[in-house]
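What follows is a short report on a single structure.
Chain letters run A, B, ... following the sequence lines, proteins first, then strands; residues in each count from 1.
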There are 2 protein chains.
Amino acid sequence: MTRRSDCPISNTLDYVGDKWSLLILRDLMFFNKNSYSELQNSDERMATNILSKRLETLELDGLINKRTDSVDKRKKVYSLTKKGKDMLPILLEMVVWCSKYDKTVDAPKEVIRRYKTDREALIKDLQKNIKS
Amino acid sequence: MTRRSDCPISNTLDYVGDKWSLLILRDLMFFNKNSYSELQNSDERMATNILSKRLETLELDGLINKRTDSVDKRKKVYSLTKKGKDMLPILLEMVVWCSKYDKTVDAPKEVIRRYKTDREALIKDLQKNIKS
DNA sequence: AAATTTAACTTGTTATTTGCAAGTTAAATT
DNA sequence: AATTTAACTTGCAAATAACAAGTTAAATTT
């Protein structure tokens, strides 16, 4: 999307302010998914053409990398760049907000607990565990 | 929007995962705007019918309140609920992320500085300053 | 008190984006 | 050689957003 203003929030939304991009980042971040088919099979069931387009723009925007698997040449491996991994705090805050206001949601309790005591360390830990 | 899954991130996006909602919250949060015309005149220039619809759903979702101004009856006053104010950390993380990766953006330096030293206090301060 | 302005919308209409179903291609497996 | 799998693409319908213009009720000006 074209830049709407000089506001950092607006600008961030120009990157990921659509219905799907942050869910792709979530899957790469928290569920260690890395292939097209894994991404397609998440609970929200994104349409294949939309997934394809989003992956393309996320790559163009430098949030993810795409490479071909060295053993299975059909397979493409998607991974987060540093820029992409650095969106983790945004997603974490969404988890925290939602688990406060919607108790029916599947929030990981251990994450919520650690968030309250040592947020910084939690973020580093979570980022460390992301597959490159 | 209808709930896509039980994921807290997906669910948060079902509230505010469109192009405009978070910008409305931003204006109410950081710029102390409270009227329709003020919201309409932000840099991104949202179309009036879209603004109208978004305000309606944000109110239905319990993120904002709408009341009639006591002196000028034409005027509607929009304000954030606690639930809405609690989205501030999400927006703050967007400011932090974007100012790290796009130096051409108008990020408030004092906020970025305070974020690094005392995030907690900064959030409370910013929330305290929001007009009810 | 009538005419004008203002705030907050609504109503068409067009353009863009999303969603669904089916089809394609190249590589791997049977 | 035939089938399956992974990662897409294509075409079309439905939903959403964008643009321009019009409406309504209250306030202000003349």
Side-chain angles (χ1 to χ4, degrees), chain A residues 1-5 10 13-25 27-28 31-61 64-80 131, chain B residues 1-5 10 13-28 31-61 64-79 131:
Chain A
M1 168 185 271
T2 166
R3 179 192 263 230
R4 289 179 286 177
S5 77
S10 164
L13 294 171
D14 292 344
Y15 279 97
V16 295
D18 64 281
K19 281 180 71 174
W20 297 107
S21 296
L22 285 177
L23 295 184
I24 296 174
L25 297 188
D27 286 346
L28 297 170
F31 300 113
N32 273 317
K33 298 186 179 180
N34 61 16
S35 68
Y36 195 91
S37 46
E38 284 177 314
L39 291 168
Q40 205 176 167
N41 288 333
S42 61
D43 287 349
E44 297 86 7
R45 310 229 131 255
M46 158 167 26
T48 173
N49 54 344
I50 309 291
L51 176 56
S52 169
K53 268 184 205 157
R54 289 290 154 231
L55 287 170
E56 193 183 329
T57 64
L58 287 171
E59 197 192 2
L60 281 170
D61 288 341
I64 65 172
N65 287 133
K66 177 184 183 174
R67 57 178 206 275
T68 302
D69 187 285
S70 51
V71 299
D72 187 339
K73 300 285 178 57
R74 291 172 307 178
K75 204 165 186 175
K76 306 294 171 181
V77 181
Y78 294 96
S79 61
L80 290 161
K131 271 194 262 181
Chain B
M1 166 185 273
T2 166
R3 179 192 263 231
R4 288 178 287 177
S5 77
S10 165
L13 293 172
D14 292 344
Y15 279 97
V16 294
D18 65 280
K19 281 180 70 174
W20 298 107
S21 295
L22 285 176
L23 295 185
I24 295 174
L25 297 188
R26 172 203 64 183
D27 285 346
L28 297 170
F31 299 114
N32 273 315
K33 297 186 179 181
N34 61 17
S35 68
Y36 195 91
S37 46
E38 283 176 316
L39 292 168
Q40 204 175 168
N41 288 332
S42 60
D43 288 349
E44 296 86 8
R45 310 229 132 257
M46 159 169 22
T48 175
N49 55 344
I50 308 291
L51 175 56
S52 170
K53 268 184 207 156
R54 289 289 155 233
L55 287 170
E56 194 183 329
T57 64
L58 287 171
E59 197 193 2
L60 281 170
D61 287 342
I64 65 171
N65 287 132
K66 177 183 183 175
R67 57 180 207 275
T68 302
D69 187 285
S70 52
V71 299
D72 188 339
K73 300 286 178 53
R74 291 172 307 177
K75 204 165 187 174
K76 307 293 171 182
V77 181
Y78 294 96
S79 61
K131 271 193 262 182

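Taking every side-chain heavy atom of B/Y36 into account, C/dC9 is the closest of C/dC9, D/dA7, D/dC8. Listed nucleotides D/dT9, D/dA17, C/dC20 differ in distance to A/A47; the shortest reach to its side chain belongs to C/dC20. The side chain of B/N49 lies closest to D/dC19, out of D/dA25, D/dC19, D/dA7.
In terms of phosphate contacts, A/T48 brings no side-chain nitrogen or oxygen within less than 4.0 Å of OP1 or OP2 of D/dC8. The side chain of A/S37 contributes an N or O atom lying less than 4.0 Å from OP1 or OP2 of D/dA7. Close to C/dT17, at under 4.0 Å from its OP1 or OP2, lies no side-chain N or O of A/W20. Between A/K73 and the phosphate of D/dT5, there is no side-chain N or O to OP1/OP2 separation shorter than 4.0 Å.
Nucleic acid contact for A/V77: none, since no nucleic acid atom lies under 4.0 Å from a heavy atom of the residue. B/K53 comes within contact range of no nucleotide atom at all, as no heavy-atom separation falls under 4.0 Å. Counting non-hydrogen atoms under 4.0 angstrom, B/R54 reaches the backbone sugars and phosphates but no base.
Rounded to an integer number of Å, the gap from CD of A/Q40 to C1' of D/dC8 is 9 Å. Protein atom NZ of B/K75 is 16 Å distant from nucleotide atom C1' of D/dA25, rounded to whole Å. Regarding A/E56, its CD atom lies at a distance of 16 Å from the C1' atom of C/dT18, rounded to whole Å. If you measure from atom CD1 of B/I24 to atom P of D/dA17, you get 11 Å, rounded to the nearest angstrom. Between the CG atom of A/D18 and the P atom of D/dA15 there is a distance of 20 Å, rounded to whole Å. Atom C1' of nucleotide D/dA7 and atom NZ of A/K66 are separated by 8 Å, given to the nearest angstrom. Residue A/E44 contributes atom CD, which lies 12 Å from atom P of C/dG19 at whole-angstrom precision. Atom pair B/M46:CE and D/dC19:P shows a separation of 12 Å (rounding to whole Å applied).
Contact of the A/K19 side chain with the B/R4 side chain is registered, since non-hydrogen atoms from C-beta on lie closer than 4.5 Å. Proximity of B/L39 to B/L23: side-chain heavy atoms (C-beta onward) are nowhere separated by under 4.5 Å. Between A/T48 and A/Q40 the shortest side-chain heavy-atom distance falls below 4.5 Å.
Under the Watson-Crick and G-U wobble criteria, each requiring two contacts below 3.5 Å, nucleotide C/dT13 is paired to D/dA18. In this structure, C/dC20 and D/dG11 make a Watson-Crick or G-U wobble pair, each of the two defining distances being under 3.5 angstrom. Nucleotide C/dA1 forms a pair with D/dT30, judged by Watson-Crick or G-U wobble geometry with both contacts under 3.5 Å.
Atom OH of residue B/Y78 and atom CG of residue B/L55 lie 4.5 Å apart, to the nearest 0.5 angstrom.
Map B/S35 and A/K19 each onto its nearest nucleotide of DNA chain C; the residue landing nearer the 5' end is B/S35. Positionally, the nearest nucleotide of DNA chain C for B/E38 lies more toward the 5' end than for the other of B/E38 and A/I50.
Under 3.5 Å, the side chains of B/S35 and B/K76 contain no donor-acceptor pair of N or O atoms.
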